[in-house]
2 protein chains.
Amino acid sequence: MTTHSFTQAVPVLTYQRIVEQVETAILSGEIPVGSQLSSERDLMVQFGVSRPTVREALRVLQSMGLIEPKPGTRGGPVVLAPSSETLGRSFRAMIGTASLGLAELVQFRIVLDGSASELAAVLHDDAQLAAMRSAVTRMREAAEGDASDFADADLAFHETVWEASGNQVLRLSGQAVAGALRELVRRDLERGAAGNAVKLDSARIDSGLFEAIERRDSAAAGRIARGAIADRFSSMLTERERLALAAITGA
Amino acid sequence: MTTHSFTQAVPVLTYQRIVEQVETAILSGEIPVGSQLSSERDLMVQFGVSRPTVREALRVLQSMGLIEPKPGTRGGPVVLAPSSETLGRSFRAMIGTASLGLAELVQFRIVLDGSASELAAVLHDDAQLAAMRSAVTRMREAAEGDASDFADADLAFHETVWEASGNQVLRLSGQAVAGALRELVRRDLERGAAGNAVKLDSARIDSGLFEAIERRDSAAAGRIARGAIADRFSSMLTERERLALAAITGA
DNA sequence: CCCCACAAGTGGCCTTACCATGTATCCTAG
DNA sequence: CTAGGATACATGGTAAGGCCACTTGTGGGG
């Protein structure tokens, strides 16, 4: 018996082949951004398939953020400039569908925020520094006032830190995980008296983080950012989970 | 003139509304992973639309990695467990269209691998340790042999580290970014004589990482993992990008 | 008891068709 | 000659109906 390695004989879906052809053509630059493909009716003769099949392929490409429909004469799908939107959606989908424990999200957030703060300390510019300063000020002002104002300022501060890190991936994944966490702890923040103390604490810590970034102290910025999140959520974790956190907070 | 804030009057595409409904139902956990939706023919009466419209919506959900078609009696779209595949595709798409720099991806990988290694050092169990040991051994054996064997062992090693970190988000994100990077450096690894040296280096480094994890030295594991990736890709980065890397490698 | 053939249901794909809308052209009024 | 608008055409969005290959479940025969 000759052992010959055969290749899989799975049927290749026709709409998928259209997606692949167009996708590689776009990613390789063969089809430049801003140009437009033939209309659905033209594509259906070019590929030799029916219109619904062409449309399914175009929908997939559209959901990948590669094209956008454009009606009218001289219309046709236009090739889009790549956007970070789909990447963020992928993160959200992954976090949303993965049945995640709070500890995993907290760990991930610590990792992201810590690194982003380290990078921001080295790479920030004046405008970003000003934005951070204003956000910290707003946090302090809102610490005893409306919870949503405070949350907005808090979010704006971290948003700027992510931006100052100069890394889109950090920013997008940070947004995704922060959003998921916010959902989980909403009740925790709103329950009465303890709220103000927590907010004052957060304001003080973020203030310290800001100063570390301002003096470009990368190590301190990372340490503060990591510790802040660990403290913020430690009361909601088990002993074992707190122990694991120690490994990445560097404390 | 009364300034009343009107809401956008853009027509909402029907297939898009189906996508949104199903998406939120899945992401909120209302439809559990592993279960299956009604068949296309049932969905088309539930939503009161035609089958092509249902199919377009299902294609989009499929391209997001949320569902998978399943033919046959008692069939219907099944809700998938989260995968790193779509996230990796988003990375590759953004790299391909040059809206994401290699440096950002490398930074992200350093952050993820470093933290995963720190966690793995603290949290690993015996089975995972054995798997890592075997992978490292296979790497050494394949260092002078087939490139794909080596890559497989290398991948298996890091896979186990991610798993040992006990954090699904880290694992999925790590897989995604590693997959995207692997695509980019494939040529780099295969080009002739330098290949073996690179592979021997990698094997030696991973071996050191393994030992650090084995003796539960979290700090060392993180340092080695970060340095390994920084070294591996430093030749593909600019001077300024290498400088930013220093902020997160802790070197 | 096991195995296999058959029936039913599913996704994949096609054909045809209609509608609302966006674009371009041309024709008219100034 | 120009500016404006009405008209015709092409585009995407959606619907209805139908065929095929394949997967699955089940019941009948060994």
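Letters go in sequence order (proteins before strands), and every chain restarts at 1.
The side chain to side chain donor-acceptor pair (under 3.5 Å) check on A:Arg41 picks up nothing, with sequence neighbours excluded.
B:Gln36 contributes a side-chain N or O that, together with a main-chain N or O of B:Arg74, makes up a donor-acceptor pair within less than 3.5 Å.
Looking at A:Leu80 and A:Val33, their side chains never come closer than 4.5 Å, going by heavy atoms from C-beta outward. Side-chain contact between B:Leu172 and B:Leu87 is absent, with no heavy-atom pair separated by less than 4.5 Å.
Among A:Ile67, A:Leu66, A:Val19, the single residue meeting the side-chain contact (heavy atoms from CB on, under 4.5 Å) criterion with A:Val60 is A:Val19.
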- Which letters describe nucleotides 10-19 of chain C, given B = protein heavy atom under 4.0 Å from base, S = only from sugar-phosphate, - = neither? SBBBBB-B--

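Heavy atoms from other residues, nucleotides or ligands lying under 6.0 Å from CG of B:Asp125 number more than 12.
Reading DNA chain D from its 5' end, the first and the last nucleotide to sit under 4.0 Å from a heavy atom of chain A are D:dC9 to D:dT14.
No side-chain N or O of A:Thr14 forms a donor-acceptor pair with one of A:Thr53 less than 3.5 Å apart.
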